[in-house]
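See structure below.
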Amino acid sequence: MNEAQKLLAAAFAGELDLDADASGSSGVSAPEGAAAPANAESTQAATEAATGAEAATTATTAGTAANASTQEEHEGAPIASKSGGYTIPYEKLTEARTARDSAIAERDQLRAQLEQMTAAQAANLQQAQAEAQARADAGKAPTQADQNLAAATSLVQGGTDASLFGDFSEEGIASGIEKLVAARVEAALAPQREAQARDQAVSAEQAHAQKILDAHKDAFEVAESKEFASWKSGQPGYMQAAIDRTLQAGTAQDVIDLLGQFKQFHAGAAGAATADPTAAAVAKALADAKTAPPVSLSSLPGAAAAGTEAERAVALASDPAALLEYVSSLPRDRQTSLMNSVV
């Protein structure tokens, strides 16, 4: 625990003495009876030691300068990667070192500020406690600042971060209490706000689907149909990805346009199949196959009509059904005439 933290802990415990002699608490006195060297031999030995130290310092300085000179010669050369197969520009190493040095400097600065803040907190806290106690001893009612101080002290002792109250000045404590109250209110309202957000999301989704259904009543049926899947698979890869994005996260208008484009393609494909000459020929052949086959050469399309009804009856003699149909189609008088001519 550093000195600043000890001060803060002592302030909360009510044991901090601001009137203490700072020099006496921080300085270290020399033990009594310590004697300084007085003889000549000791003086000479000290002189020789100083001379040796100076020589060692000179040699170290020269070695450092030589190393710096060697380093400057290689500065700027690329650095081999771990695998040895690639090189990394020297500038990357310089950037990494600069970032490291900046991080270390920032860390040291924050640490110093924290220690300074902790000491200020301890001093302000003890002063506020002393003023509150003085008012209490005088029989005065606690001020708002006294109430805030009591609340802050209780919260810190209960585990709340002391930095919430700043430097523990009257303004810092009041600000910390206000932030804490706001945070608790926000936490209490969070479930209700989450429920409202869910309701709004559901309503938005319903409105999205309803807008699509207003334009395409069969939207869900179309999107799940085999024809739609076949149409999508026939598109280029980037178009397939765009179609998926539109269906999953597109706006209602985007989905409406997409389904409209598919329906237009589908209707065009159906019309093209109807207009296909081959398909028309097949349909005509099927229709012609349903008509009665010719029963004689004269019944073929384009054949010449028979000379007389008697000849026609003779020609149909091999097909009783056709003969009966032909005779039935004649008027009664001609049927009689035909029968007489045959007999």
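Since we're looking at a predicted model, the values are computed, not measured.
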Given side chains that start at C-beta, do those of Asn148 and Phe165 come closer than 4.5 Å, heavy atoms only?
no
The side chain to side chain donor-acceptor pair (under 3.5 Å) partners of Asp146 (sequence neighbours excluded) come to Arg135, Thr143
Pairs satisfying side-chain hydrogen bond (donor to acceptor under 3.5 Å, both in side chains), at least one member in residues 204-222, at least two apart
Gln210-Asp214, His216-Lys263, Asp218-Lys263
Identify whether Phe265 and Val222 are in the same connected component of the hydrophobic contact network (ILVMFWY, side-chain heavy atoms under 4.5 Å).
yes
Got Arg107 and Ile104 here, is their nearest side-chain heavy-atom distance under 4.5 Å?
yes
For a quick test of reading the model, state the closest non-hydrogen atom pair linking Val255 to Gly250 and the distance between them.
CG2-O, 4.5 Å
I'd like a table of donor-acceptor pairs (distance under 3.5 Å, sequence neighbours excluded) in which one partner is a side-chain atom from residues 242-249, with atom names and distances.
residue, atom, partner, partner atom, Å
Asp244, OD1, Lys232, NZ, 3.0
Thr246, OG1, Ala242, O, 2.8

Once side-chain contact (heavy atoms from CB on, under 4.5 Å) is applied, do any residues pair with Glu227, and if so which ones, sequence neighbours excluded?
Ser225, Phe262, His266
Output side-chain donor-acceptor pairs under 3.5 Å for residues 175-185, partner residues at least two apart or in another chain, one line each.
none

Counting only heavy atoms not in Arg332, do more than 12 sit closer than 6.0 Å to its CZ atom?
no
Are any side-chain N or O atoms of Ser230 and backbone N or O atoms of Lys226, one a donor and one an acceptor, separated by less than 3.5 Å?
no
Are more than 12 heavy atoms from other residues, nucleotides or ligands located less than 6.0 Å from atom CD of Glu170?
no
When rounded to the nearest 0.5 angstrom, what distance separates NZ in Lys92 from CZ in Arg97?
15.0 Å
To which residues is Val202 joined in a hydrophobic cluster, defined by side-chain heavy-atom contacts under 4.5 Å among Ile, Leu, Val, Met, Phe, Trp and Tyr, whether direct or through other members?
none
Not counting sequence neighbours, which residues clear side-chain contact (heavy atoms from CB on, under 4.5 Å) with Ser329? List them please.
Tyr326
Would you confirm whether Ser154, through its side chain, and Ala151, through its main-chain N or O, come within 3.5 Å as a donor-acceptor pair?
no
Just grab all the salt bridge (charged side-chain N to carboxylate O under 4.0 Å, His left out) pairs involving residues 149-166, residues at least two apart or on different chains.
none
Under 3.5 Å, which donor-acceptor pairs do the side chains of residues 187-201 form with other protein atoms, sequence neighbours left out?
residue, atom, partner, partner atom, Å
Arg193, NH1, Glu186, OE1, 2.7
Arg193, NH1, Glu186, OE2, 2.8

Check against side-chain contact (heavy atoms from CB on, under 4.5 Å), Ile212 and Phe220:
CA-CA 9 Å; Ile212 296 173; Phe220 294 106; over 6 Å; no
For Gln253, give me all partners under side chain to side chain donor-acceptor pair (under 3.5 Å), at least two apart in sequence or on another chain.
Asp257
Taking only residues two or more places apart in sequence or in another chain, which ones pass side chain to side chain donor-acceptor pair (under 3.5 Å) with Gln133?
Asp137
